[in-house]
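First the structure, in the form of structure tokens, and then the observations on it.
One-based numbering, in listed order, for ligands and for the atoms of each. As the structure is a prediction and not an experimental result, all values here were calculated from the model. Scope of the values below: all heavy atoms of this structure, side chains included, with no hydrogens, waters or symmetry mates.
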Amino acid sequence: MQSRNEYFHLRSAGTSVVIDLTALGFPAIVHWGEDLGELTEAQLEDLGIAGRPQRVSGGLDTPSRLTLVPLESAGWHNEPGLVGSRHGRDFSPTFVLTETHSDAPDGGPTTSVRLRSVDEHAQLDIQSTLTLDGAGLLHQQHTLTNLGDTDYEVQHLLATFPVPQSARELLDTTGRHLRERSPQRHGFTTGRHVRDSRRGRPGADSTLFLAAGTPGFGFERGLVHAVHLAWSGNQRVAAERTVASHALVQAGELLAPGELCLGPGESYTTPDALGSWGDGLTAVSARFHDSVRARPSHPSTSRPVTLNTWEAVYFDHDLDRLTRLADAGARVGAERFVLDDGWFRGRRDDTAGLGDWFVDDDIWPRGLTPIVEHVAALGMQFGLWVEPEMVNPDSELARAHPDWILQTGDHLPLEGRQQQVLDLSNGAVFDYLLERLDALLGAYDIAYLKWDHNRDLLEAGSTVTGKAAVHSNVRALYRLLDELKSRHPALEIESCASGGARVDLGILDHTDRIWTSDCIDPIERLTIQKYTNVVVPYELMGAHIGGPRSHSTGRRHELALRAGAALPGHFGIEWDISRLDDAELNELAAWVDAHKRVRELAHTGRAVYADLPDETADLRGVVSRDRDRALYAYTQVTSSASYPPGPITFPGLDDDQVYGVSLASPTTPLDGAGQSSLAWTEHPVHLTGRSLRTVGIQAPVLFPEQLRLIDISAI
Ligand code: DGJ
């Protein structure tokens, strides 16, 4: 429908977005947040007028407004939404809105608009799409087209979202290998807070989201708006507050000099920038989760319990040993066996072999057939580790094709894990990898690829174009993943990158889960998973039980903590369980059973986190969509100053529903010296959701680093 409106009002899932098309330059978002109800055109116009800023002394005669693409030509003195030029010319474009189009599915409220803005002088065209999906998640994308007859070099094109004046605190994540997505908070003061990622993948230290909210906002409450970029390469996520009372969050791709040069008629589309909001981070994450779960490609089958060989055997690929491991896996209820790094030519350790994707005849004289068939006979799926984008200099591939490596000038980039990165944007590289992976998938019954990526990129230039090539490599990676999936429709792919260094909704559009972190220490995992879960739902987050002593922290933990922390995720085992005795295997099998009983709840329900006043403890849960059933995990992370620790309250339940509360198996109450049983375990209690949310129940007394499960079910 062609529309002449001056305002658009998008509404979906309790969210309103009001767009004012009369702003100078680009349209402005007047409101993004709570649903404003049905508004007439006149009311929308009044809302727009009411929001127009005054001219002030010392300022421009036309006060600047925050638009979708804020630009100098419209008085914007801060970071422009578009930066680019034609060899220095046309550095400050002036766009005029020329076309608008809106969609109102099934005659309901408008949920999507397409806007076209043109600068006749600079010969640039931007098509902007804003869509509120069924979860109330706001998608923003721009397509820039060069209408001129000379090249236009793009430095950046960012998606901009306004946030309310009440947003005075920022939350984002940082991290490192083995400790991804550590939260950090800052005051949201005047100025710009920028999180750039220049690692060719988001990286362990990148922020998964940038949230701006009322001071002290938590998971349970506090108005908060957040942005996430669905992109697996270099990126910029920023928040800015100006002296003119503008507050915004922004996200877009970060481009190297000359990386994106649009020839005449060429276009560039920005990655999908996603905005969510709500009262508390749980509400923010609910929109992400609902949106991800509504994708047609979202896994629809129960997530198979996975036995991964990495921390069990590392590079010791011995058929007998792996066969015994598979037997033990089947015995405890594993459903998928993943053969990790070490199966291909020359790969005895991490110094050689990457690129030579042929089964190593020395260790696998009969190919992978014996292990694949053994696993199948045990009723499990078979999965295989690959790291296609990488090459060891010590490999046949690197020796034969040194020009296939991303590089620039007269030198190769510094090595990382003794490896270099291949240029997937080079058609010959793409074809080689497609042929090799397709051949492996054709030769063996492989249900799953664990697709790894173990180094940050540096100086990532293509020898074909001589230019920086991160953007084209990410696009080629997506194409390669899609092509493999179209040739092997049942294939599932895990995105791993030194653990969780490539976690974003871009890669998850082409894969089926992420490996959340190489750290499976459950105490570390509590934080890593909590902040990953703000964007990524549990069923897409790999969560494994490691051995009693964590390989990454050296700490020892009882099984209840290791398994309880992994329970809601895409659950698995990464531990040499072939050495366990019968009693230990039975104990582990009980946890696998517990996961199978709870996975539907965890993988379709609402993930909730309590903002406990005592920060030494952690309470999180999953609540079914009808709020009839919930399972919470209570962890004493470190020792508390309070003894007993006092009451804990439960978010996410139905206020008016009456629930029974019990400790859930396989965890058991703890009977430490001098301590009585908990009253509510001795005398079953029935409490309303409101009482559980406001008054709560006494927390169990636990040792530090112990976890207990609490079942709350409607009666
Ligand atoms: C890094 C991954 O995160 C690990 O799980 C494992 O697959 C190793 N690479 C193998 O080299």
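- Of all atoms in ligand 1, listed by their number and element, those nearer than 4.0 Å to a heavy atom of Lys450 are 4 (C), 5 (O), 6 (C), 7 (O).
- Looking only at distances, a side-chain donor or acceptor of Asn473 sits under 3.5 Å from a matching main-chain atom of Leu424.
- Neither the backbone nor the side chain of Glu387 comes within 4.0 Å of ligand 1, counting heavy atoms alone.
- When only non-hydrogen protein atoms are considered, atom 3 (O) of ligand 1 lies nearest to Asp518 OD1, 2.4 Å.
- Counting heavy atoms closer than 4.0 Å to ligand 1, residue His177 contributes nothing at all.
- Taking the six-membered ring where the residue is Trp, the centroids of Trp515 and His544 are separated by under 6.0 Å.
- With a heavy-atom cut-off of 4.0 Å, Ser498 touches ligand 1 through its backbone alone.
- Remark: distances from the non-hydrogen atoms of Glu311 to ligand 1 are all 4.0 Å or more.
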Exercise for the section: Would you sort out whether Arg195 and Gln184 count as a side-chain contact (heavy atoms from CB on, under 4.5 Å), showing the intermediate values? Expected result: CA-CA 12 Å; Arg195 296 301 313 281; Gln184 52 179 11; 3.2 Å; yes
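- Counting only distance, with no hydrogens or angles, the side chain of Thr282 and the backbone of Phe219 share a donor-acceptor pair below 3.5 Å.
- Distance alone, capped at 3.5 Å, is enough to place a donor-acceptor pair between the Glu387 side chain and the Asn454 backbone.
- Remark: ligand 1 and Arg347 share no N or O pair separated by less than 3.5 Å (distance only, no angle test).
- Of all the atoms in ligand 1, the ones that sit under 4.0 Å from a non-hydrogen atom of Trp515 are 3 (O), 5 (O).
- Proximity of Asn454 to ligand 1, defined as any heavy-atom pair under 4.0 Å, is confined to the side chain (atoms from C-beta onward).
- For the pair Asp350 and ligand 1, no heavy-atom separation below 4.0 Å is found.
- With a 6.0 Å cutoff to the six-membered ring centre and a 45° limit on the axis angle, Arg181 does not count as a cation-pi contact of Tyr531.
- Within the listing of ligand 1, atoms 6 (C), 7 (O), 10 (C) sit less than 4.0 angstrom from a heavy atom of Asp340.
- Side-chain contact between His570 and Pro304 is present, with heavy atoms from C-beta onward closer than 4.5 Å.
- In terms of protein heavy-atom proximity, atom 11 (O) of ligand 1 is nearest to Asp341 OD2, 2.6 Å.
- Below 4.0 Å from some heavy atom of Cys496 lie the following atoms of ligand 1, by number and element: 2 (C), 3 (O).
- The single protein non-hydrogen atom nearest to atom 9 (N) of ligand 1 is Asp452 OD2, 2.7 Å, given as residue, atom name and distance.
- Between Gly499 and ligand 1, an N or O atom pair is found at a separation short of 3.5 Å.
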Practice task
Report the C-alpha distance between Asp504 and Leu229 in whole Å, list the side-chain angles of each, state the deciding distance to 0.1 Å, and finish with yes or no for side-chain contact (heavy atoms from CB on, under 4.5 Å).
Solution key: CA-CA 7 Å; Asp504 62 86; Leu229 191 71; over 6 Å; no
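- For His453, the heavy-atom gap to ligand 1 stays at 4.0 angstrom or more.
- Using the six-membered ring where Trp is involved, Phe315 and Trp310 have ring planes that are perpendicular, over 60° apart on the 30 and 60° scheme.
- When atom types are taken as modelled, the side chain of Asp360 and the backbone of Gly346 share a donor-acceptor pair closer than 3.5 angstrom.
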